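A short write-up of the structure that comes next.
Note that the structure is predicted; figures quoted are calculated from it, not measured. Chain letters run A, B, ... following the sequence lines, proteins first, then strands; residues in each count from 1.
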Number of protein chains: 2
Amino acid sequence: MASGKITISEVAREAGVSIATVSRVMQGRPSVSPDLARRVREVARHLGYSPSPMARGLATGSTGMVGILVPQLSNPYFHELIKAIGVGADHDGYRMLVLESDERVADEPDLAASLYAHADGVILCSPRMADDDLERVTLGRPRLLCVNRIARDGQPPGIACDMFSPMLDICRLLATQGHRRVVYFAGAPYSWVNAERWRAVQHSAALGLDPLRVQAGPSIDAGYAATDAALALSPTALIAANDLCAIGVLTRLREVGLQVPRDVSLTGFDDIPFSRHTLPALTTARIPRLELGRQVWAMMRAVLADEAPPARVLATAEVVVRDSTGPAPASGIRYR
Amino acid sequence: MASGKITISEVAREAGVSIATVSRVMQGRPSVSPDLARRVREVARHLGYSPSPMARGLATGSTGMVGILVPQLSNPYFHELIKAIGVGADHDGYRMLVLESDERVADEPDLAASLYAHADGVILCSPRMADDDLERVTLGRPRLLCVNRIARDGQPPGIACDMFSPMLDICRLLATQGHRRVVYFAGAPYSWVNAERWRAVQHSAALGLDPLRVQAGPSIDAGYAATDAALALSPTALIAANDLCAIGVLTRLREVGLQVPRDVSLTGFDDIPFSRHTLPALTTARIPRLELGRQVWAMMRAVLADEAPPARVLATAEVVVRDSTGPAPASGIRYR
DNA sequence: TTGTATGCGTTATCAG
DNA sequence: CTGATAACGCATACAA
């Protein structure tokens, strides 16, 4: 309720006890007589005392914080994930220190290091940095976790969703609808997630698709900007790396007079909240962020307790079919 | 590059100097001979030493962090604001500790206090708590700032955007387009921002409008859920508290077979990135987050330097007319 | 059950 | 320019 300048010694003096006792009371240790504890608590409350996290951290060697690094907060997917992780963190009394790299791949190592300095543990979400850098960052940092990125030698440990099979499912859907030539809008250049999705699209050749690719990016603007290049390839279906990208594509398609899915089909990935509200609503794949977050925290909790990192788990995304996909146009794409 | 267990004394020992010297070097003080400084720096780098923020904090009495509390991270408006503030913070070497209350008004005081314990300064964005609580939270916390909330007696100090006149502009637009009966979708119950917007809508009576109101909320789902109640009031235009809300309304309107703006007009507020990509694109008001963020940081910087808090500044939002507004239907709304 | 004393990693104030 | 050393606020063995 009040300021933060009151220290433990003032409380001790005011209550007529030693700072050790106050410390014990504040930590809720049972080894203090109920009366004394009550009195101390009373004094502390009255003075508006609250322990200094830093002093406490210095003494105990832990900060009570976990750091999280994400590529971009502007993608709803990431803060939904953060939120999901936060449920468990909150429950265990941890605060989350969130940092975004804003897709500046070169900054990731520094940001991760900085996070590690402030927190007891660090979670790297979809880091884009090269395996070498990742290895270097991991070096000597036993409490580092990795989400949605599988590194070379499994370091750092972590959890990744299976992006491959749902993307293949999307392709299968497209194939059964008569599509053949499809264009993949690539997302973040060094993203493992993006690589997996593209890998799946490539595999769709086995399904009879003819997959092409244009470089876009993990944002609305990137999707918008890459659309024309994709259309030049005369596809009947467009597969965006994620929903954000797909939303940009959708707008551009409308501008050039193409109807979705009549003239061309479009899919996203992630199932962010907005995807239900585009017109047409986006066919996409839903990553179970809640479950993923739960598992990530379980893992972090184990790591924080110096337990052996549990085996890598793979959650699975599921395809959500909505209105942006349909039968391939009989006479190919009608463009211009 | 490496772990965080190396302390200043190890560097000192390895370099054959005192910890005081190492400390000076790490702080970049000029009072160290260039050669020595270079050697120390070399050793530090080699050992992978990085100063402990906690120990440093304990010694200096500052954390190098500023806390930010927002109602919800799921609203792009807020993280755009956070990002804007972050530009200045980064520049001055501060880290931001972001917490969201998730619209749990009752938790705000605790969250703010917790933030204050970890940071040198705290920024409250659109806090919803009552004036009394706000006053209590402010008590004895000289480094608290408030964004988009004007409290009773100007405490805590801060910056707020003028929401009133742009909302009145929106109403004026509607009035000139022949609308008369309009319904306002109220946002967060205890939000100053929401109150200001509604106040403006009420004032639009002077423009010839007949403003009604339904309770919704600051989210897509809230807008969606409140739409039927609003339509029951037979309006020709709907004014959502913010864009998120408007997006939900739009979807529901489509479901019940109403065309925007032919059958009914719709407006949002904030101009989040998605609003350009809805169909029709949303007429809304753009809050200059970049400028706002800049000013907020300037103010925080002053506060952190113990300077007198500069006068309260008001930025101004501007109306962005897009496709969701149009002439009122001649024969009133066609519903059902 | 309670108090005393030491250490946590830095900064900063003094002396040299 | 450099080196001891006393804080900083707290937790915790160790004593009592």
>> At less than 4.0 Å, is any side-chain N or O atom of Gln27(B) found next to OP1 or OP2 of dT10(C)? Yes or no.
In response: no
> So, is Ser18(B) close to the dG3(D) phosphate, meaning a side-chain N or O under 4.0 Å from OP1 or OP2?
Replying inline: yes
> Under 4.0 angstrom, heavy atoms only, what part of the nucleic acid is Val17(A) near: base, sugar-phosphate, or nothing?
Replying inline: sugar-phosphate
>> From C-beta outward on Ala20(A), which listed nucleotide comes closest to its side chain: dG9(C), dA11(D), dT4(C)?
In response: dT4(C)
>> Closest approach to the side chain of Ser31(B), judged atom by atom: which nucleotide of dT2(D), dC8(D), dC8(C) is it?
In response: dT2(D)
> Whole Å only: how far is the CG atom of Leu58(A) from the P atom of dC10(D)?
Replying inline: 12 Å
> Looking only at side-chain N and O atoms, does Arg56(B) come under 4.0 Å of OP1 or OP2 in dG9(C)?
Replying inline: no
> dG9(D) P sits how many Å from Leu47(A) CG, rounded?
Replying inline: 14 Å
>> Quick check for you: to the nearest 0.5 Å, what is the distance between Leu145(B) atom CG and Trp297(B) atom CH2?
In response: 10.0 Å
>> Please tell me if Arg29(B) has a side-chain N or O lying less than 4.0 Å from either OP1 or OP2 of dA12(C).
In response: yes
> Taking atom P of dC10(D) as reference, at what distance in whole Å does atom CZ of Arg24(A) sit?
Replying inline: 15 Å
> For the pair made of CG in Asp120(A) and P in dC8(C), what is the distance, rounded to whole Å?
Replying inline: 18 Å
> Rounding to a whole Å, what distance do you find between Ile19(A):CD1 and dT2(C):P?
Replying inline: 16 Å
> Given that Thr21(A) and Ala37(B) both sit by DNA chain D, which one's nearest nucleotide is further toward the 5' end?
Replying inline: Ala37(B)
> Does Tyr94(A) offer a backbone N or O that forms a donor-acceptor pair with the side chain of Asp92(A) under 3.5 Å?
Replying inline: no
>> Categorize Ser52(A) for me: base, sugar-phosphate, or nothing, with a 4.0 angstrom heavy-atom threshold over every strand shown.
In response: sugar-phosphate
> Is any side-chain nitrogen or oxygen of Ser33(A) closer than 4.0 Å to OP1 or OP2 of dT2(C)?
Replying inline: yes
> If only side-chain N and O atoms of Ser23(B) are considered, is one of them under 4.0 Å from the OP1 or OP2 phosphate oxygen of dT11(C)?
Replying inline: yes
> Roughly how far, to the nearest 0.5 Å, is the CG atom of Leu99(A) from the CG atom of Leu73(A)?
Replying inline: 9.5 Å
>> Counting C-beta onward and ignoring hydrogens, is there a side-chain heavy-atom pair between Ile159(A) and Met299(A) closer than 4.5 Å?
In response: yes
> For the pair made of CE in Met54(B) and P in dA11(D), what is the distance, rounded to whole Å?
Replying inline: 13 Å
> Rounded to the Å, how far apart are Met26(A) CE and dG9(D) P?
Replying inline: 15 Å
>> Using whole Å, what does the distance between atom P of nucleotide dC8(D) and atom CD1 of Ile6(A) come to?
In response: 15 Å
> Does Arg128(B) reach the side chain of Pro71(B), with side-chain heavy atoms less than 4.5 Å apart?
Replying inline: yes
>> From the set dC10(D), dA4(D), dT2(C), return the single nucleotide nearest to any side-chain atom of Ile8(A).
In response: dC10(D)
